[in-house]
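Labels below follow one simple rule: chain letters A, B, ... track the order of the sequence lines, proteins then strands, and each chain is numbered from 1. Bear in mind the structure is a predicted one, so any value in this text is a computation, not a measurement.
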Amino acid sequence: MVGTNHRRSRTKFTEDQLKILINTFNQKPYPGYATKQKLALEINTEESRIQIWFQNRRARFGFQKTPGPKTLESSQSHGQDQPYMELQSREARRCRTIYSTSQLRTLIEAFMKNPYPGIDCREQLAKEIGVPESRVQIWFQNRRSRFHLQRKREVVSLEPEDQGKISEGLQGAEDTQNGTNFPSNSHSSRARTW
DNA sequence: GCCCTAACCTATTCAACAA
DNA sequence: TTGTTGAATAGGTTAGGGC
């Protein structure tokens, strides 16, 4: 087993921090990277924590991305009417991270050992390849998703009798690009003990 | 023990970039 | 133009911590 699978410890936002976050959310429920960076500086936290906070907030308050017949009940309950309009002029995303060959090699090796690294492992990897921990987390998310997708396609393209064989062998399934081993029941069991 | 919510997950889409 | 892949999203689950 590589590293621990601990989660990051919970961030406890202060009242002042929350006031700033909520105020920004009411104006911009989909802030761009620059806004998130600015917020991170303002309330002295990481940009990735801001991103998660906005994700959770949108989920919790059922925010509608496009104006429709439904009203924005929850956001309105915060005493603001808003906040679709700025969606039309979407703010810039974070710049794409370009990984070098050696950085990718390190990430792929780590993925083969453990596709669900905990915070300690991600931080160690981030330090090793010199990128923020949040980028490592996103890389693993994308990698897992694409692995699942690829495996689905392989199963669909097989004859029914071969599908049985594949599902038996899923435990040792290989990523055709990189030879990545990936257990089959990642989400259903959530047994991230490897 | 319940509730709230940060952390984390998959699935999907958007978009930058190389071939 | 197309394929690859990093970034962002929706929607869901897990788990820490306050009550």
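- For C/dA7, the OP1/OP2 oxygens have a side-chain nitrogen or oxygen of A/Arg135 closer than 4.0 Å.
- A/Arg57 contributes atom CZ, which lies 8.5 Å from atom CG of A/Leu18 (distance to the nearest 0.5 angstrom).
- Rounded to a whole Å, the CZ atom of A/Arg143 is 21 Å from the P atom of B/dC8.
- Here C/dG16 presents its P atom at 16 Å from CG of A/Asn56, a figure rounded to the nearest Å.
- Side-chain contact, A/Glu47 with A/Ser134: no donor N or O sits under 3.5 Å from an acceptor N or O.
- No side-chain donor-acceptor contact under 3.5 Å links A/Arg94 to the backbone of A/Tyr33.
- Dashed line: the shortest gap from a side-chain N or O of A/Tyr33 to OP1 or OP2 of C/dG6 is not under 4.0 Å.
- Considering only side-chain atoms of A/His148, the nucleotide from B/dT5, C/dG6, B/dT10 that sits closest is B/dT10.
- A/Val136 places none of its side-chain heavy atoms less than 4.5 Å from the side chain of A/Glu123.
- In this structure, CD of A/Glu46 is placed 11 Å from P of B/dC8, rounded to the nearest angstrom.
- Among the heavy atoms of the strands lying under 4.0 Å from A/Arg93 is at least one base atom, whether or not backbone atoms are also near.
- Of the side-chain N and O atoms in A/Thr11, one or more sit less than 4.0 angstrom from OP1 or OP2 of B/dA7.
- For the pair A/Leu107 CG and C/dT5 P, the computed distance is 13 Å after rounding to whole Å.
- In the set C/dA8, B/dC8, C/dG16, C/dA8 carries the atom at the smallest distance from any side-chain atom of A/Gln51.
- Counting any heavy atom pair closer than 4.0 Å across all strands shown, A/Ser145 reaches a base atom.
- No hydrogens or angles were tested; on distance alone, a donor-acceptor pair under 3.5 Å links the side chain of A/Arg10 to the base of B/dT5.
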*Decide side chain to side chain contact (heavy atoms under 4.5 Å, CB included) for A/Gln103 and A/Arg135; before the verdict, give the C-alpha distance in whole Å, the side-chain angles of both, and the deciding distance to 0.1 Å.*
CA-CA 12 Å; A/Gln103 283 174 320; A/Arg135 297 309 88 202; over 6 Å; no
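- For the pair A/Arg49 and B/dA7, the criterion of a side-chain N or O lying under 4.0 Å from OP1 or OP2 is met.
- Comparing A/Arg96 and A/Gln141 against DNA chain C, the residue whose closest nucleotide sits nearer the 5' end is A/Arg96.
- Between B/dA6 and A/Arg60, a contact under 4.0 Å exists linking OP1 or OP2 to a side-chain N or O.
- A/Ile138 has its CD1 atom 11 Å from the C1' atom of B/dC8, to the nearest Å.
- Atoms CZ (A/Phe111) and P (B/dC9) sit 11 Å apart, rounded to a whole Å.
- Between A/Glu47 atom CD and C/dA8 atom P there is a gap of 7 Å when expressed in whole angstrom units.
- Among the atoms of the strands shown, only primed sugar atoms or phosphate atoms (P, OP1, OP2) are found under 4.0 Å from some heavy atom of A/Arg94.
- One interatomic measurement links the two molecules: CZ of A/Phe61 to C1' of B/dT5, which rounds to 10 Å at whole-angstrom precision.
- How far CD1 of A/Ile22 is from CD of A/Glu15: 9.5 Å, rounded to the nearest 0.5 Å.
- Note on A/Arg146: a base of the nucleic acid sits closer than 4.0 angstrom, heavy atoms only.
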